[in-house]
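One structure is given here, and the rest of the page talks about it.
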There are 2 protein chains.
Amino acid sequence: MFSKATEYALRATIYIAQRSSVDNKLSIHEIAKAIDSPVSFTAKILQLLTPGNKVISAVRGPKGGFYITEQCKKLPVRAILIAMGESEILDKCVLGLNKCSEAKPCPMHSQYKHIKQQLISLFETKTIQQLAEDIDDGTAFLNVKKN
Amino acid sequence: MFSKATEYALRATIYIAQRSSVDNKLSIHEIAKAIDSPVSFTAKILQLLTPGNKVISAVRGPKGGFYITEQCKKLPVRAILIAMGESEILDKCVLGLNKCSEAKPCPMHSQYKHIKQQLISLFETKTIQQLAEDIDDGTAFLNVKKN
DNA sequence: ATAATTAAAGACAAAGTTATCTTTAATTAT
DNA sequence: ATAATTAAAGATAACTTTGTCTTTAATTAT
């Protein structure tokens, strides 16, 4: 469904939301190890989420690292998708027609749109915090290792 | 959602189902033009659908070209996805975890699985023929041009 | 048989995605 | 101030996907 980059962004953000705070920042090494992603590539990806503290925050230097504000934890998952530039997946025609519309629908349009709508609403209503809490609860997991 | 290759495969197959018959085969040029795809690339893609007349059929030489049998028209859309090797999209974890399961679900798992199930059932129940008929009916379209 | 026409096969090129490595800049502690 | 630590920035490489072009093989018509 999503690119590797977006998958890493989602996992990293959830991990940061679950483990970090302003005075317990996480290094890119810890994050990448935890979510099983390549370190440098993950660093690059997180740079898409940090400008203006859009989704997560980063500070350089000793005691630096990544964290997320309480405010940003309240953001819907879609905020990550938007920052990753993958929001159009949810607008695109299944057949790849750029002119697919209600007026000129592709032959999958009428059924596919309902499913797409559910995806949009899932990503719009589910917050980063909720995902992190599911892991805290032990009702969900980010990997196979013990949390 | 799908790769360009799979989008072209879907569009091409629908076009062939709508316009071809055993004694009215379509050239790769006509198909590519109709579905607005690069000719040679489309030719390559259709080679994934022809072996053993899996989805469509092809014959070389004058009066040759592509067509689809009545039998293959009855195939679900998913047959195209399988031939294109894109069937795992519908199995994959949204977060890209390879160990995501009912026992160890990712934090999106429980909601995402229902949506995925609808996608699977859409691609499983919808046949190539049905899509072609929608175009015949004028209730659906493959492009912006007049049919 | 020969020529014409069509898809198949194969080599290659361009672009995009994923990944690595090195250098720079910011911050902290000494 | 200096050294240490951390993310940011930038260059580059590997791999995948998308796309093109040429040659070959099959089929038909003459």
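The figures that follow rest on heavy atoms only: side chains count, while hydrogens, waters and symmetry mates do not. Keep in mind the model is a prediction, meaning the values are calculated, not measured. Letters go in sequence order (proteins before strands), and every chain restarts at 1.
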Upstream residue (5' side of DNA chain C) when T6(A) and G61(A) are each assigned their closest nucleotide: T6(A)
For nucleotides 12-14 of chain C, list the nitrogen or oxygen atoms of the protein found under 3.5 Å from its nitrogen or oxygen atoms, one pair per line.
none

side-chain hydrogen bond (donor to acceptor under 3.5 Å, both in side chains) between N53(B) and S57(B), worked out: CA-CA 5 Å; N53(B) 300 328; S57(B) 305; 3.2 Å; yes
Partner nucleotide of dT28(D) by Watson-Crick or wobble geometry (both distances under 3.5 Å): dA3(C)
Crowding at CD, Q71(A) (>12 non-hydrogen neighbours, <6.0 Å): no
Ion pair check, E7(B) and K92(A), cut-off under 4.0 Å: yes
Whole-Å distance separating the CD1 atom of I28(B) from the P atom of dA9(C): 14 Å
K73(B) and E133(B) ion-paired at < 4.0 Å: no
Watson-Crick or G-U counterpart of dA8(C), or none if no pair lies under 3.5 Å: dT23(D)
Minimum side-chain heavy-atom gap I31(A)-V39(A) below 4.5 Å: no
Sugar-phosphate only, base, or nothing, as touched by K44(A) at under 4.0 Å among non-hydrogen atoms: base
Upstream residue (5' side of DNA chain C) when V39(A) and K63(A) are each assigned their closest nucleotide: V39(A)
Pair F2(A) + F123(A): ring centers closer than 6.0 Å: yes
side-chain hydrogen bond (donor to acceptor under 3.5 Å, both in side chains) evaluation trace for H109(B) with E102(B): CA-CA 8 Å; H109(B) 184 86; E102(B) 288 301 320; 2.9 Å; yes
Sugar-phosphate only, base, or nothing, as touched by L48(A) at under 4.0 Å among non-hydrogen atoms: nothing
Nearest-Å distance for atom pair CG/C1', residues D36(A) and dT18(C): 15 Å
Sugar-phosphate, base or nothing in reach of I45(A), heavy atoms under 4.0 Å: nothing
dT17(C) pairs with, by Watson-Crick or G-U criteria that keep both distances under 3.5 Å: dA14(D)
Along DNA chain D, first and last positions that approach a heavy atom of chain B under 4.0 Å: dT18(D) to dT28(D)
K63(A) atom NZ, over 12 foreign heavy atoms within 6.0 Å: no
Touch class at under 4.0 angstrom, heavy-atom based, for S27(B) against every strand present: sugar-phosphate
Separation of dT18(C) P from E7(A) CD (nearest whole Å): 9 Å
Shared hydrophobic cluster for Y15(A) and V59(A) (ILVMFWY, side-chain gaps under 4.5 Å): no
